[in-house]
Structures are given as C-alpha cells and as structure tokens.
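Both backbone and side-chain heavy atoms feed into the values below; hydrogens, waters and symmetry mates do not. This is a predicted model, so every value here is computed, not measured. Just so you know, residue 1 is the first one in the sequence shown, and it goes up from there.
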Amino acid sequence: MLKKIFTFLMCSSMLLACSASLQKKKESERRDVAIRKVHSNCEFQDSGEVIFNPDMGFYSVVKAIVTKDGITIGDGYKSRLEKHNPICTDGVYPEKNDLLYTAKFDQLLIEFDISAFSTRNGGIEILDGERVHLPVDEIKDVLNQIRVAGKTALIRFGYDPDFEGDGESRDVEPEDFSLILTHIEDICAAVKDYEQVITGIQCGMVGPWGEMNFTTYSKNITKAEFEKYNYDFELELDSTPDKNDGYIENGYLVLIMRKFTKELEANNCDLPLLVRQPRFIYDYIKRRTSDFNFDGETVPELFTPAASNKEFYRLGLYNDGYLGSDMDTGTFTINREQETEFIKAFTDHTPYGGELIGNYNLKEGNCASMKEMFTNHLSVLNIGYKESVFRGLNKFNYNDESAFSYLIKHMGYRYIVKDVVFEYPENLSELDINLTFENNGFANLPYHRKKMMSILFEKDGKIVYEKKDPNLLFDGKEKTFILNTAKLPEGSYTIYLKISDFDGNYPIQLANKNLWNAELKATKIGEITK
C-alpha cells in the first residue's frame, strides 16, 4: 500500500514538473516573439478648417404647421430640410441676408406649430366628445424626411401661432392643462423611433415662441392646483420649501417636464430634454428628491446628476437670450456666475445653445464669453439670428483669427486623432491599434449618441478588411482595437478609422489635417506592411 502511494506521489511530482517545464517553455517562446511597437507615420494636426458634423454647429429653422389633418411645411422651409449647401466654410459670416435663406445647414430646429389644437387660437380641442390628438404619423413623416436628408434636428412644439411671439404675457395654450399633457404623450410616441435624427427636445409647449415664459402656465401655482394634475407623476409636494409655502414655484412647468421624462422613459426613448432657464431645472429636481440642497434664495450647491439616473441626466438647456445681457436676457434669474457653474454639469453631455442676440463680453478687448463657451459647452446656434452680432464678430480677431471664424470652428465637438500606436508580432498575425484623441471644441458629443468605431484596411482603392466593434463606442477617450490579421494577404495597406452610427450613417469627421477620406467617410490613421 505504501509503495502504491509512493509511486503515485512520484508520478504526480513528475507530472507537475513537466507541467511547470512546459509553462516555462511557453513563457520563453512568448518572450522570444518580437513585438513591435510603432507610432503611426501620419502627422496628427488640427486642420484649422470649418467642419460640419451631426448634432452641432449652426442650425436653420424649419417651421411645420400642424393640424388634425396633417402637417404643412412651406417651400422655403422644405428646401432647408432637404438640401445641402453649407455656408461660412471660409469662416466669414455673409454680409447679405438673402444668403441665409438660400443656404442649408445639416443641423436644423424644427418648430412644430400646434396652435390649431387650442381654442384660444380658434383651434379645436374636443371633437365628438373626445380630445383631439396630435397627428403622430405625420410627425413621424417629418422626422423621417430629416433622416432621409441625412440631417439632425432639435425639435420644439408650441401653441404660439407661427412662433411669432410678442414678448408680452399672453395665453395661447389650451385652457384645459390636461390636454397639454395628452399632447406630450403624442409627441413622445412619435419620437421614440427617431433617436437617430433628434439632437434634443426643446421642452417648449407654452408661452410666446414656445419658450416657457409669459403665460399663466409659467407662473407659480397653488398646491391644490399642483396636486390636481400630480396624480401619477410621483412629484414631491413638500420635499423642499418654496419662497411662499402656499405655492409651487413654476408648478405647471414642473408638471410638463415630468410628463416628458415619464413618457420618454415609458417609450424607452433616450433623448435630451432641454428647458429655457436653469431655474426650471432647480424647480424640477427639488420636486423629485429631498437630497437637493435648495434654500429658495440662492443657487444650490453644484448638483451633478448620476449617469445611471436618466431622468436627471437627460436635462439640459436651450438659451434663446444668449449674451443679450449679463443675465442672458432672462435666461439666468439669480446670478450668472453661480448659474453657469450649475449648468455645466448638464451641458457637458447635452446640446447647449440657441440664439446669439447680443455681444455681452464678446467684443474686441473683452472676449470673456468666448472662454465661457468652453465652460458651458456651446454646441448649437441659430444661423439667422442675430445677423448684426455675427457680422460684428467678423471685424476683430480672437486667437489670431476673426472671432467669428474661431466661433464656427469650435462650436460643438471637434475631435482629432492625437496619436496612433501599432503593436504586432513580426508575422502580423494580430494587430493592436491604440488610439488617442483630443477635443478642441467647446462641447462634447451628446450623451445619447452611441457611435460605433470601425477599422478599414484599404489596398489599391478597395477595402479588403473591415473590423467593426459594436462594443467599442466612441466617447473621445483612448481606445484600443485588437484585430486578428493572420489571414490578411501580404502587402501594404492604408488603415482608416470610421466613426458612425451602427448602420454606417451619420459619420463623424475628425478635424485632422489632410487625413479625411470623403468617399469612405473615414480618417486615415496610418499604413502597415505584412
């Protein structure tokens, strides 16, 4: 028996020794394989050129008139939606107004005029005893036209006829507030399949221009009125005190915002929801969490929404009073410095911008607002408003070029490949590509954009190898591709990086000098020979 045990132990020891020997041999062989680590021979520099990408830059306004029977878009606006003809590629704002109406940008703001659904405008709210719904299929058709044109768009719905606005308090919305909530259901049902084309939803709905102001629904309301509509919104009545305990500050707007967030979530639709003032974000969050520090007098401490909380993470701002004054003409209501500090936690991942209506701290000798654009992450502006301000930016320099040229080049995200390192064995059986990026723009890619990265191998004008990685999403951070190139035929190859949606549409042009391939919609990142 002892002999058998001894024999077993001896055999086991020999097996372990053999195993260890084999392991050492494999490690030795691995060390013997020469791994080359080579930096790409491309010069990775910013081109300094004006580039156009999805969800950023100047936008053109398209007005869509909505009735219960359908949607009408005038010929002039329809051409903006359909055609491509970017201007200002030379970094100069045009001197003639007519150019603004013949030029078409790939970024749009679609203003859906739903005034026909309010009796205050002579419209129809109830038909045959039933509430009149917005035409969901027709809204989808407009969004589909944007997709076909290869453009992206902000969208806003408002009851103000033709979005004319007169700057004075007036009620244009349905008298029955619950009808507004019904229309939000219609909107969210329409947009749920069009995340690909929608840059963000500007909350809108009430007030002149759909800007959430100058209306009964933008005033503080009683707790009783608030509770009347708070039937399933899970909004806190007393989580944080208001200035007047008898009222809910911006109560109707809070209800509108909550209806949007709830319906978007119910439709599994991950779109940013942009509001007109930081104040509305404060008043919303304090109705949703008791952890929000708000004393009713000053801006709360910086509140950074968790990425896992999509309800707060989707909130952002549109600023149609941009630089009109030290308070951005009503955008800020407490203190500019504190409020800009507050909003950057939201605008660093949502689209931000609107109408540049003045030049506050944006003139020769004082360009503090240009620096602030990096802090606030400016990504979009209306090309048609305000022309005199834009032309003024043509007339003085900022960072060795005209202020307007600097603005159009840096508005939105502006990514470049900063470095590429190839790692591979001599036989090139596999290839690691390590990519480093830099963002020279004011803003970041909006959080809801899930851009896939692809590596293309080109030889003699043809793509001979393509590696897509749906799990490797572009976010401007360092990335590593691992490719199996064992079966790649011998030869010399040019390697490209493509960043696009999963279906290949809406590619992102990197701003590198002399590396963009317009046909492939991809950026050259190096060459390699097997």
Side-chain angles (χ1 to χ4, degrees), residues 30 33-56 150 412-441 444-445 449-530:
R30 193 176 294 133
V33 174
I35 301 295
R36 295 185 178 182
K37 188 174 182 179
V38 180
H39 287 264
S40 170
N41 61 355
C42 293
E43 292 186 15
F44 296 115
Q45 300 176 1
D46 192 317
S47 67
E49 298 176 354
V50 176
I51 59 174
F52 299 91
N53 272 318
D55 303 304
M56 55 156 276
Y413 54 87
R414 187 181 180 88
Y415 294 104
I416 67 169
V417 178
K418 194 66 177 175
D419 190 22
V420 177
V421 178
F422 300 113
E423 294 186 42
Y424 56 94
E426 289 187 13
N427 63 357
L428 199 60
S429 57
E430 62 180 44
L431 174 65
D432 292 3
I433 303 178
N434 304 297
L435 300 144
T436 303
F437 299 95
E438 181 176 87
N439 184 6
N440 293 333
N444 299 307
L445 189 69
R449 288 302 178 224
K450 308 298 187 289
K451 296 293 183 181
M452 182 179 68
M453 302 172 66
S454 303
I455 295 292
L456 311 176
F457 279 64
E458 182 264 337
K459 179 179 172 62
D460 299 329
K462 297 180 180 179
I463 300 300
V464 296
Y465 178 77
E466 181 174 358
K467 169 68 173 180
K468 296 181 178 181
D469 192 338
N471 297 314
L472 197 64
L473 300 180
F474 178 75
D475 57 6
K477 306 293 193 304
E478 292 185 3
K479 299 292 180 206
T480 297
F481 262 93
I482 300 176
L483 295 83
N484 183 345
T485 50
K487 296 182 180 180
L488 191 70
E490 292 184 356
S492 297
Y493 301 90
T494 302
I495 306 177
Y496 291 90
L497 169 68
K498 182 172 183 177
I499 303 170
S500 68
D501 285 1
F502 284 57
D503 58 7
N505 292 319
Y506 293 105
I508 290 178
Q509 178 177 349
L510 299 178
N512 288 89
K513 183 178 181 179
N514 299 328
L515 298 180
W516 178 249
N517 186 309
E519 183 178 348
L520 297 177
K521 305 296 183 185
T523 299
K524 179 182 174 181
I525 59 172
E527 297 170 338
I528 202 162
T529 300
K530 182 176 182 180

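- For the pair I528 and L428, the minimum side-chain heavy-atom distance is below 4.5 Å.
- The shortest distance between side-chain heavy atoms of Y496 and I455 does not fall below 4.5 Å.
- Here D419 pairs with H39 under the side chain to side chain donor-acceptor pair (under 3.5 Å) rule; sequence neighbours left out.
- Taking all atoms of both residues into account, the shortest heavy-atom contact from P54 to P507 is CD-O, 3.6 Å.
- Between L483 and the options I433, D469, L488, a side-chain contact (heavy atoms from CB on, under 4.5 Å) holds for only I433.
- Across all their heavy atoms, E519 and N517 have their closest contact at N-OD1, 3.0 Å.
- Both cation-pi conditions hold for K459 and Y493: the charged atom is under 6.0 angstrom from the six-membered ring centre and inside a 45 degree cone around its axis.
- Rounding to the nearest 0.5 Å places OG1 of T436 at 13.0 Å from NZ of K477.
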What's the verdict on side chain to side chain contact (heavy atoms under 4.5 Å, CB included) for E43 and K513, showing C-alpha distance, side-chain angles and the deciding distance? CA-CA 8 Å; E43 292 186 15; K513 183 178 181 179; over 6 Å; no
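- Across L515, I416, T523, a single residue satisfies side-chain contact (heavy atoms from CB on, under 4.5 Å) together with L510, and that is T523.
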Go through it in stages, so that I can follow the logic: the residues are I525 and L435, the test is side chain to side chain contact (heavy atoms under 4.5 Å, CB included), and I'd like the CA-CA distance, side-chain angles, deciding distance and then a yes or no. CA-CA 9 Å; I525 59 172; L435 300 144; 4.0 Å; yes
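- In this structure, NZ in K467 is found 9.5 Å from CG in L472, a value given to the nearest 0.5 Å.
- Side-chain contact between L473 and F502 is present, with heavy atoms from C-beta onward closer than 4.5 Å.
- Closest approach of M453 and I499 over heavy atoms only: CG-CG1, 4.5 Å.
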Stepwise, does the side chain to side chain contact (heavy atoms under 4.5 Å, CB included) test hold for Y413 with N440? CA-CA 7 Å; Y413 54 87; N440 293 333; over 6 Å; no
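- The two atoms that bring S47 and R414 nearest to each other are OG-NH2, 3.8 Å, heavy atoms only.
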Please determine whether side chain to side chain contact (heavy atoms under 4.5 Å, CB included) holds for the pair D55 and R449, giving the CA-CA distance in whole Å, both sets of side-chain angles, and the decisive distance to 0.1 Å. CA-CA 9 Å; D55 303 304; R449 288 302 178 224; 2.5 Å; yes
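- Around atom NZ of K418, no more than 12 heavy atoms belonging to other residues, nucleotides or ligands sit under 6.0 Å away.
- Side chains of N41 and E527 form a contact here, defined as non-hydrogen atoms less than 4.5 Å apart.
- The heavy-atom pair separating R36 from E426 by the smallest distance is NE-CG, 4.1 Å.
- Using a 4.5 Å cut-off on side-chain heavy atoms (C-beta onward), F437 and L497 make contact.
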Could you go step by step and tell me if F474 and Y415 meet the ring-ring contact (aromatic ring centres under 6.0 Å, His included) rule? CA-CA 11 Å; F474 178 75; Y415 294 104; 4.9 Å; yes
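- S40 contributes no side-chain N or O that, together with a main-chain N or O of V420, makes up a donor-acceptor pair within less than 3.5 Å.
- Taking the side chain as every heavy atom from C-beta outward, V38 and Y424 approach each other to under 4.5 Å.
- Put simply, the side chain of N512 does not reach to within 4.5 Å of the side chain of N514, judged on heavy atoms.
- Residue K479 places its NZ atom among more than 12 non-hydrogen atoms of other residues, nucleotides or ligands, all under 6.0 Å distant.
- When atom types are taken as modelled, the side chain of K521 and the backbone of S500 share no donor-acceptor pair closer than 3.5 angstrom.
- Judged by distance alone, the side chains of E478 and N434 never bring a donor and an acceptor atom under 3.5 Å apart.
- Side-chain contact check for K524 versus C42: some heavy-atom pair is nearer than 4.5 Å.
- A donor-acceptor pair under 3.5 Å links the side-chain atoms of N484 to the main chain of A486, judged by distance alone.
- In this structure, K530 and T485 approach most closely via the heavy-atom pair NZ-O, 2.8 Å.
- Between atom CD of residue E466 and atom NZ of residue K498 there is a gap of 7.5 Å, rounded to the nearest 0.5 Å.
- Residues passing the side chain to side chain donor-acceptor pair (under 3.5 Å) test with N444 are N439, sequence neighbours excluded.
- Electrostatic pairing of K451 and D501 counts as a salt bridge here, judged by a charged N lying under 4.0 Å from a carboxylate O.
- In terms of modelled atom types and a separation under 3.5 Å, the side chain of D432 and the main chain of E423 share no donor-acceptor contact.
- Summarising the geometry, atom CD belonging to Q509 is positioned 6.5 Å from atom CG belonging to N53; distances are rounded to the nearest 0.5 Å.
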